[in-house]
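Contents: one structure, followed by commentary.
As the structure is a computational prediction, the values presented were derived from the model and not from experiment.
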Amino acid sequence: SLIVMPASLIHNWQHEISRFAPSLSVMQHTGNQRTTSTGFFDTVDVVLTTYGILRSDFELLASYGFHYVVLDESQVIKNPEAQTSQAAYQLRSEHRLVLTGTPIENSLIDLWSQMEFLNPGLLGPLPGFRKRFLEKKINLDGDYNGDSALRLKRIVAPFILRRTKQEVEPDLPPLTIENWYCSMNELQSSRYESEKSAVRNEVFQQIETGGSSLASVTMLKALIRLRQLANHPGLIDPEYPGGSGKFDEIIRIAEILREEGHKTLIFSSFVKHLQLVASWFKAEGISYSMLTGSSVHREQIIRQFQDDPKNYFFLISLKAGGTGLNLTQASYVMLLDPWWNPAAELQAINRAHRIGQDKKVIAYKFITEDTIEEKMLKLQQRKQQLSDAFIPSGNPLKDLSRDEITRLFE
């Protein structure tokens, strides 16, 4: 059997197989010295490889008939036109499985692509799928075509086994998620309002000339800048002389948790934001660990946090640490900035709230008042409805009406 996964999970799979199924022989098809012949596959029970290797070696892997092909974190193939997805479609096996906590990250195309791998043709050709299920736009209030959603759910339901953590482990301790609202200081608020006025004019100018679809890239850049300002203006201006209301509140809560002896995971989608917090910890002589996409010796960094009782904080970028981490030593999670997809945040929280956790887990979502972050909470609700009900949708920015864009930047 072949199991394909993000590179960061190879160690986890190797460890878990040796723990729960030690009789299975395992081969890692990774690295520069990996085999160029399928003959070695005949000598083992399980072959572990990565999505990157799948792209590089798809001809080799597609030439072998496996018993099972399993895609872990299968949302990686959400784009049916990507090379990784095309390579996955070509794999040969008697059975296929996909494992994911986020089957829909952006739109129903994500679901179509994973189903196309599992059961080719089940949802029909992609153009027809778009026409049947994606034509109706969704507004920020979450309206949707109920008949289409119900029809799609009936088609895919027999092929989905959804298990909540409570079903897997009834005794899992409770999870509390709280929105922690912060106020901007005067200088930060001034910078934010000035930037908002500038980007709003730029966005609407592009809409007038090319429509909201063509303005998506401009909107995304504008929203990222506003998010950074809501966190700390220093993220976009190294010479910024003032502070940040949110940053002050983050540090205040972190100090309380450390004094009470709690280990805490701190997530952000901005590495610069984590670096600001890390700089403060370093100046105060506070031990911490940090994991980003550029980190090496990942397992060593994890053990450093897990095993050192005086290491209270683990700073993690959302992209690098959203999957593949078991950090049950922590009982608190701090999400420094919200993002469109609530599933990404929940996966981050689940690094601590998972099997093996024996403490109540509390997660704080830091939201700067009167900024884009409050508007994003409404978009998160919309994305959650999409995931739960398979609501037809497309690009969350492209599908917004002018009135909705106005509300976003008001």
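Residue F314 is tested with F305, Y332, F281, F267 for a ring-ring contact (aromatic ring centres under 6.0 Å, His included); the sole match is F305. With K365 as the fixed residue, the salt bridge (charged side-chain N to carboxylate O under 4.0 Å, His left out) test singles out one of E373, E345, E374, E178: E345.
Here CG of L97 is found 13.0 Å from CZ of F159. Values are rounded to the nearest 0.5 Å. Atom NE2 of H353 sits about 9.0 Å away from atom CD1 of I177, to the nearest 0.5 Å. In this structure, the separation between CD on E299 and CD on Q306 is 10.5 Å, given to the nearest 0.5 Å. Put simply, CE on M184 and OG on S189 are 4.0 Å apart, with the number rounded to the nearest 0.5 Å. Taking CD1 of I10 as the reference point, atom OG1 of T50 lies at 6.0 Å (rounded to 0.5 Å). In this structure, CG on L61 lies 6.0 Å from CG on L54, to the nearest 0.5 angstrom.
Scored by the side-chain hydrogen bond (donor to acceptor under 3.5 Å, both in side chains) test, R225 finds E195 as partners (sequence neighbours excluded). Partners of E193 under the salt bridge (Lys or Arg N to Asp or Glu O under 4.0 Å) rule, at least two apart in sequence or in another chain, are K196.
A donor-acceptor contact shorter than 3.5 Å is absent between the side chain of Q28 and the backbone of V47. Distance alone, capped at 3.5 Å, is enough to place a donor-acceptor pair between the R92 side chain and the A62 backbone. When atom types are taken as modelled, the side chain of S279 and the backbone of Q275 share a donor-acceptor pair closer than 3.5 angstrom. The closest donor-acceptor contact from the side chain of Q357 to the backbone of K359 lies under 3.5 Å. Using modelled atom types, no side-chain atom of T43 and backbone atom of G39 make a donor-acceptor pair closer than 3.5 Å. Side chain of S74 to main chain of V98: no donor-acceptor pair is present (N/O by atom type, distance under 3.5 Å, no hydrogens or angles). One N or O on the side chain of N201 and one on the backbone of S197 form a donor-acceptor pair closer than 3.5 Å. Side-chain atoms of S244 come within 3.5 Å of backbone N or O of F247 as a donor-acceptor pair. Under the 3.5 Å distance criterion, the side-chain polar atoms of S18 are matched with a main-chain donor or acceptor of H15. With R354 contributing its side chain and N350 its backbone, the two residues share a donor-acceptor pair below 3.5 Å.
Counting heavy atoms from C-beta on, the side chains of Q188 and Y240 come closer than 4.5 Å. When side chains are defined from C-beta on, I302 does not count as touching N326, because their heavy atoms never get closer than 4.5 Å. Using a 4.5 Å cut-off on side-chain heavy atoms (C-beta onward), R191 and D237 make contact. With contacts defined as side-chain heavy-atom distances shorter than 4.5 Å, the pair L336/F270 does not qualify. No side-chain heavy atom of Y364 sits under 4.5 Å from any side-chain heavy atom of I266. Contact annotation: the side chain of L265 approaches that of L327 to within less than 4.5 Å [non-hydrogen atoms, C-beta and beyond]. Put simply, the side chain of I109 reaches to within 4.5 Å of the side chain of P80, judged on heavy atoms. A 4.5 Å side-chain heavy-atom check between P338 and I367 finds at least one atom pair inside the cut-off.
A254 and M334 get closest at one heavy-atom pair: N-CE, 4.4 Å. Of all heavy-atom pairs between L111 and V156, the closest is CD2-CG1, 4.4 Å. Contact record, T368 with A230: OG1-O, 2.8 Å, taken as the closest heavy-atom pair. R34 and D57 get closest at one heavy-atom pair: NE-OD2, 2.6 Å. Contact detail for L335 and A348: the closest heavy-atom pair is CD2-CB, 4.2 Å. Across all their heavy atoms, S317 and L274 have their closest contact at N-CD1, 3.4 Å.
Judged by the 6.0 Å and 45° rule, R96 forms a cation-pi pair with F117.
The aromatic ring centres of F41 and F66 sit less than 6.0 Å apart.
Salt bridge absent: R303 and D308 never bring a charged side-chain N and a carboxylate O closer than 4.0 Å. Salt bridge present: R252 and E249 bring a charged side-chain N and a carboxylate O closer than 4.0 Å.
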* **Test log, rule side chain to side chain contact (heavy atoms under 4.5 Å, CB included), inputs S63 and T38** => CA-CA 8 Å; S63 70; T38 60; 3.6 Å; yes

* Yes or no on side-chain hydrogen bond (donor to acceptor under 3.5 Å, both in side chains) for D370 and Y181, after CA distance, side-chain angles and deciding distance? -> CA-CA 10 Å; D370 301 321; Y181 289 92; over 6 Å; no

* Please report the C-alpha distance between D337 and K246 in whole Å, then the side-chain angles of each, then the deciding distance to 0.1 Å, and finally whether the salt bridge (Lys or Arg N to Asp or Glu O under 4.0 Å) criterion is met. => CA-CA 10 Å; D337 37 74; K246 177 188 281 192; 5.6 Å; no

* Trace of the side-chain hydrogen bond (donor to acceptor under 3.5 Å, both in side chains) decision for S113 with N79 -> CA-CA 7 Å; S113 185; N79 179 1; over 6 Å; no

* To do: Please test V361 against T176 for side chain to side chain contact (heavy atoms under 4.5 Å, CB included), starting from the C-alpha separation and ending with a verdict.
  => CA-CA 6 Å; V361 175; T176 301; over 6 Å; no

* side chain to side chain contact (heavy atoms under 4.5 Å, CB included) evaluation trace for T49 with I3 -> CA-CA 6 Å; T49 196; I3 307 177; over 6 Å; no

* To do: Starting from the C-alpha separation in whole Å, work towards a yes-or-no answer on side chain to side chain contact (heavy atoms under 4.5 Å, CB included) for L48 and H29.
  => CA-CA 6 Å; L48 305 180; H29 184 65; over 6 Å; no

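Shown here is E16, whose CD atom has more than 12 heavy atoms of other residues, nucleotides or ligands within 6.0 Å. When the shell of 6.0 Å around CD of E59 is examined, it contains 12 or fewer heavy atoms from other residues, nucleotides or ligands. For F40, the CZ atom is loosely surrounded, since the number of other residues' heavy atoms within 6.0 Å does not exceed 12.
For the residue pair E116 and Q114, no side-chain donor N or O sits within less than 3.5 Å of a side-chain acceptor on the partner. If you check the side chains of D45 and S1, you find no donor sitting under 3.5 Å from an acceptor. For the residue pair Y51 / D72, no side-chain donor-acceptor distance below 3.5 Å is found, with atom types taken as modelled. Side-chain contact annotation: R258 with T264, donor-acceptor N/O pair under 3.5 Å absent. Side-chain atoms of T292 and S294 include a donor-acceptor pair closer than 3.5 Å.
Note on ring orientation: taking the six-membered ring where Trp is involved, the planes of F366 and W180 are tilted (angle from 30° to 60°).
Sorted by first and then second residue, the ring-ring contact (aromatic ring centres under 6.0 Å, His included) pairs involving residues 78-111 (not counting sequence neighbours) are H67-H95, Y68-H95.
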